[in-house]
Amino acid sequence: PPPPPLILTRRRPPRSTHHVCRRQRQMCIRDREDASAVPLGAPCRVEVDVVAGGAGVIWLEVSAPCSGGEVITVAQDGLSVEWALDRNGRLSADLPALTVATVLQVQFAGGLSETVAVTLPEIKDLTRVALIWDGPKVLGLHALEGGAGYGDAGHIHAEAPGRMDTSGTMGFLMQVGDGSGRMAEVYTRPAGQGPTRFLAEADVSSESCERIITATASQSDQFAGVMSRTLRLTMPSCDNLGDIVSVTTLFRNLRMAAR
């Protein structure tokens with residue numbers, strides 16, 4: 001079993017000057033499934049479409065005209081997040097998959113649930129780690145690649161997320177969910193690229209101080225499965241605003257051996 005989390009508190013350094021790379025969509029349409037059983041033309045017809053894209057990322061399209069503004073849950077093995085539909089009941093989102101054969105369940109507040117399946121063979125050549133929490137962004141996932149230190153070029157985090165490209169040696173980070181409910185940050189790196197060390201950080205703010213933050217860490221394993229563990233983080237008092245709480249053993253360090 002993994003060791004218990006080691007929790008440290010430190011002062012926030014000056015904001016990183018790392019260049020923030022823009023994510024570049026690399027979509028290759030392979031599969032598309034319509035999850036609706038309501039006849040065409042029905043005013044409240046719900047449609048859920050998925051497209052398998054490059055880098056093990058799923059393009060998700062939801063249309064629910066009678067559910068404008070509703071918060072929906074999108075769940076797969078090891079990762080469950082939430083988005084708010086726009087006023088027309090639509091959502092377009094990128095979602096990193098954690099397994100080769102991914103089954104997505106889209107759940108609506110009224111009890112309706114749609115399930116779609118998509119296959120992404122390239123997942124077996126990737127290692128993926130997710131940090132999931134409830135509510136707006138309070139946590140951050142940090143990956144230190146190949147012995148990199150904090151702030152070095154191999155330090156992947158929200159302000160330096162890297163490029164969504166699995167043809168090289170570097171990893172990248174994606175934020176999933178829009179803050180309407182459960183959110184996640186997901187790190188991806190090609191297999192066989194050396195060790196990566198992980199940590200999670202939480203800012204001590206007026207919104208987070210003296211709270212208990214519950215998070216889930218999910219990690220794909222060498223057999224393309226998912227392992228998860230739960231963290232309960234007790235935040236310091238509000239006298240410590242501006243500090244950062246670091247969880248340094250939230251994840252197992254990954255060797256990312258080639259399969």
Side-chain angles (χ1 to χ4, degrees), residues 2-24 55 57 94 96 126-133 135-177 179 183-209 211 213 215-220 229 231 233-236 238-257:
L6 174 62
I7 300 174
L8 305 173
T9 303
R10 61 180 175 81
R11 284 287 172 187
R12 171 174 289 282
R15 183 170 292 275
S16 171
T17 57
H18 277 295
H19 174 66
V20 178
C21 302
R22 293 181 181 274
R23 288 191 300 143
Q24 295 188 354
V57 174
D94 290 340
L126 303 174
T127 299
R128 196 153 260 171
V129 164
L131 179 65
I132 308 112
W133 65 89
K137 181 171 171 55
V138 293
L139 288 172
L141 175 59
H142 295 251
L144 301 171
E145 299 178 346
Y150 203 94
D152 291 346
H155 176 198
I156 305 297
H157 56 104
E159 294 180 14
R163 181 171 178 168
M164 196 173 76
D165 181 3
T166 56
S167 63
T169 62
M170 303 290 288
F172 64 89
L173 188 76
M174 295 178 63
Q175 181 175 292
V176 189
M183 293 184 65
E185 288 186 348
V186 183
Y187 169 83
T188 303
R189 193 181 184 192
Q193 300 302 326
T196 302
R197 184 165 63 91
F198 298 97
L199 62 149
E201 289 192 346
D203 293 334
V204 182
S205 66
S206 57
E207 292 77 24
S208 66
C209 63
R211 281 183 52 198
I213 297 175
T216 300
S218 294
Q219 174 183 305
S220 61
R229 64 180 300 193
L231 170 74
L233 180 60
T234 301
M235 297 295 287
C238 296
D239 295 332
N240 296 283
L241 297 182
D243 286 4
I244 298 173
V245 177
S246 294
V247 184
T248 61
T249 53
L250 182 59
F251 306 101
R252 182 185 64 185
N253 293 345
L254 299 184
R255 284 283 167 184
M256 298 191 178

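- For the atom pair CG of Leu144 and CG of Leu199, the computed distance is 5.5 Å after rounding to the nearest 0.5 Å.
- Remark: Thr188 OG1 to Leu126 CG distance equals 6.5 Å, nearest 0.5 Å.
- Not a single donor-acceptor pair under 3.5 Å links the side chain of Ser218 to the backbone N or O of Ala130.
- Of the possible polar contacts, none joining the Asp152 side chain to the Gly154 backbone as a donor-acceptor pair under 3.5 Å is found.
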Legend entry - Chi angles and distances behind the side-chain contact (heavy atoms from CB on, under 4.5 Å) call for Glu201, Asp203: CA-CA 7 Å; Glu201 289 192 346; Asp203 293 334; 5.7 Å; no
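- Leu141 and Val129 make their closest contact through CD2-O, 3.9 Å (heavy atoms, listed as atom of the first residue, atom of the second, distance).
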Inset, instruction - Go through Leu241 and Cys209 one step at a time and tell me if the side-chain contact (heavy atoms from CB on, under 4.5 Å) criterion holds. - result: CA-CA 7 Å; Leu241 297 182; Cys209 63; 4.2 Å; yes
Inset, instruction - Let me see the working for Val138 and Arg211 under side-chain contact (heavy atoms from CB on, under 4.5 Å), right down to the final yes or no. - result: CA-CA 11 Å; Val138 293; Arg211 281 183 52 198; 4.2 Å; yes
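- Scored by the side-chain hydrogen bond (donor to acceptor under 3.5 Å, both in side chains) test, Ser205 finds Glu207, Ser208 as partners (sequence neighbours excluded).
- With sequence neighbours excluded, no residue forms a side-chain hydrogen bond (donor to acceptor under 3.5 Å, both in side chains) with Ser206.
- The main-chain N or O of Gly147 is never found under 3.5 Å from a side-chain atom of Arg197 such that the two would form a donor-acceptor pair.
- Put simply, the side chain of Glu145 gets close to the backbone of Gly171: a donor and an acceptor are under 3.5 Å apart.
- Atom CG of Leu131 and atom CD of Glu185 lie 7.0 Å apart (nearest 0.5 Å).
- Ring orientation note: the planes of Phe198 and Tyr187 are nearly perpendicular, at an angle over 60° on the 30°/60° scale.
- In this structure, CG on Leu139 lies 10.0 Å from CE on Met183, to the nearest 0.5 angstrom.
- Leu231 is not listed as a side-chain neighbour of Trp133, based on a closest heavy-atom distance of 4.5 Å or more.
- Of all heavy-atom pairs spanning Pro190 and Gly168, the tightest one is CG-O, 3.5 Å.
- Shortest non-hydrogen contact noted between Asp94 and Met174 is CB-CE, 3.8 Å.
- Between Pro96 and Val176, the shortest heavy-atom distance links the atoms CD-CG2, 3.6 Å.
- When all heavy atoms are compared, the tightest approach of Gln193 to Thr169 is OE1-CG2, 3.1 Å.
- A pairwise comparison of heavy atoms in Gly140 and His142 identifies O-CD2, 3.6 Å as the closest pair.
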